[in-house]
Amino acid sequence: MKLVLPDSVSSLQDIRVIVVEVRGYARWYSHDALKKRFDTKHTSEPPVISSATTALMQEWHAGKPVGQASLDKLIAVLEDFETTAPSVAITLAAPPNSGLKKTLVSWCRANIAPTVLVSFEFNTTLLGGMVVRSGSHIYDWSFRRQILEAREHFPEVLRNV
């Protein structure tokens with residue numbers, strides 16, 4: 001079955017959190033199934049999981065009943081995805097807000113790969129713009145780089161001010 005990530009799940013850390021939550025849910029499901037099998041009246045509430053994990057599990061099961069085998073398969077697919085997913089690191093001059101993160105993740109998934117993982121960092125020395133790393137490639141669109149490239153023109157610009 002194909003794994004479809006919501007835009008709120010953007011980084012490797014987000015995937016790891018989902019794996020932990022699905023494992024906890026699978027343990028609860030197994031334990032609860034045993035209680036129901038032996039007709040125990042004291043069933044427990046399911047563990048609290050994030051909305052991203054809930055959305056991913058609903059997409060994964062797509063209306064089919066939840067079972068231990070399907071939960072185990074989802075965990076295996078997520079663990080495999082951790083090691084094989086394409087990734088991009090974006091460094092900005094300031095911490096990005098959630099709207100900017102969603103916009104950049106949506107753009108990367110539409111233009112690079114639908115399952116790309118995007119991690120965000122910030123470095124104030126960039127002064128603005130961004131640096132994008134993908135594998136061994138680095139794309140630097142920072143203001144700092146532009147200023148350093150034009151440093152021989154700075155004295156002339158300052159004289160004209």
Side-chain angles (χ1 to χ4, degrees), residues 1-29 46-64 66-67 69-154 156-158 161:
M1 195 168 199
K2 187 178 176 187
L3 187 64
V4 178
L5 297 176
D7 285 344
S8 61
V9 178
S10 61
S11 67
L12 185 59
Q13 183 178 358
D14 294 340
I15 296 293
R16 289 180 179 154
V17 167
I18 288 176
V19 168
V20 168
E21 288 183 341
V22 173
R23 277 191 183 137
Y25 187 87
R27 271 193 305 275
W28 168 84
Y29 185 85
V48 176
I49 56 177
S50 66
S51 59
T53 303
T54 303
L56 186 69
M57 287 175 61
Q58 287 173 345
E59 178 73 29
W60 178 258
H61 290 101
K64 299 176 196 159
V66 176
S70 67
L71 290 171
D72 292 340
K73 176 73 174 165
L74 176 58
I75 291 169
V77 167
L78 286 168
E79 288 173 341
D80 182 53
F81 185 76
E82 280 183 60
T83 59
T84 61
S87 64
V88 171
I90 299 175
T91 305
L92 301 166
N97 61 28
S98 61
L100 179 60
K101 277 185 175 182
K102 282 184 181 181
T103 301
L104 290 172
V105 169
S106 296
W107 186 92
C108 289
R109 292 202 173 144
N111 294 292
I112 298 172
T115 58
V116 69
L117 296 177
V118 182
S119 63
F120 292 94
E121 302 167 3
F122 76 95
N123 181 349
T124 56
T125 63
L126 294 181
L127 305 176
M130 71 172 77
V131 177
V132 178
R133 283 176 288 143
S134 176
S136 63
H137 300 286
I138 298 175
Y139 305 96
D140 189 346
W141 295 293
S142 67
F143 292 169
R144 179 175 188 241
R145 182 191 56 83
Q146 292 175 12
I147 290 170
L148 290 174
E149 283 181 352
R151 69 177 156 237
E152 58 274 347
H153 300 292
F154 252 31
E156 181 183 333
V157 171
L158 291 175
V161 174

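Residue numbers run from 1 in the order of the sequence given. Quick caveat, the model's predicted, so the values are computed rather than measured.
- A distance of 6.5 Å separates CZ in Arg109 from OG in Ser10, rounded to the nearest 0.5 Å.
- Atom OH of Tyr139 sits about 13.0 Å away from atom CZ of Arg145, to the nearest 0.5 Å.
- In this structure, the side chain to side chain contact (heavy atoms under 4.5 Å, CB included) partners of Trp28, at least two apart in sequence or on a different chain, are Tyr25, Asp32, Ser44, Pro46, Pro47.
- Lys101 NZ to Ser119 OG: the interatomic distance, rounded to the nearest 0.5 Å, is 10.0 Å.
- Leu5 contributes atom CG, which lies 7.0 Å from atom CD1 of Ile18 (distance to the nearest 0.5 angstrom).
- Between Trp60 and Leu71, the closest side-chain pair of non-hydrogen atoms is not below 4.5 Å.
- A side chain to side chain donor-acceptor pair (under 3.5 Å) check over residues 123-134, counting only residues at least two apart or in different chains, returns the pairs Glu121-Arg133, Asn123-Thr125.
- No side-chain donor-acceptor contact under 3.5 Å links Ser70 to the backbone of Val66.
- Within the 4.5 Å cutoff, side-chain heavy atoms of Leu126 are placed close to those of Thr91.
- Closest non-hydrogen pair, Leu78 versus Ile15, comes out as O-CG2, 4.0 Å.
- The nearest pair of heavy atoms linking Thr115 to Ala85 is O-CB, 4.2 Å.
- Remark: Asp72 pairs with Gln68 by the side-chain hydrogen bond (donor to acceptor under 3.5 Å, both in side chains) rule, at least two apart or across chains.
- The side-chain hydrogen bond (donor to acceptor under 3.5 Å, both in side chains) search around Ser98 returns none, not counting sequence neighbours.
- Remark: Arg27 engages no residue in a side-chain hydrogen bond (donor to acceptor under 3.5 Å, both in side chains) (not counting sequence neighbours).
- Put simply, the side chain of Val22 does not reach to within 4.5 Å of the side chain of Leu56, judged on heavy atoms.
- Here the straight-line distance linking atom CE of Met57 with atom OG1 of Thr53 works out to 8.0 Å at 0.5 Å rounding.
- Remark: side-chain polar atoms of Asp14 are paired, donor with acceptor, to backbone N or O of Ser11 under 3.5 angstrom.
- Interatomic distance, Leu100 CG to Phe120 CZ, rounded to the nearest 0.5 Å: 6.5 Å.
- Not a single ring pair (Phe, Tyr, Trp, His ring centres under 6.0 Å) links Phe143 to another residue, sequence neighbours left out.
- Scanning both residues, Ser142 and Asp140, for their nearest heavy atoms gives OG-OD1, 2.7 Å.
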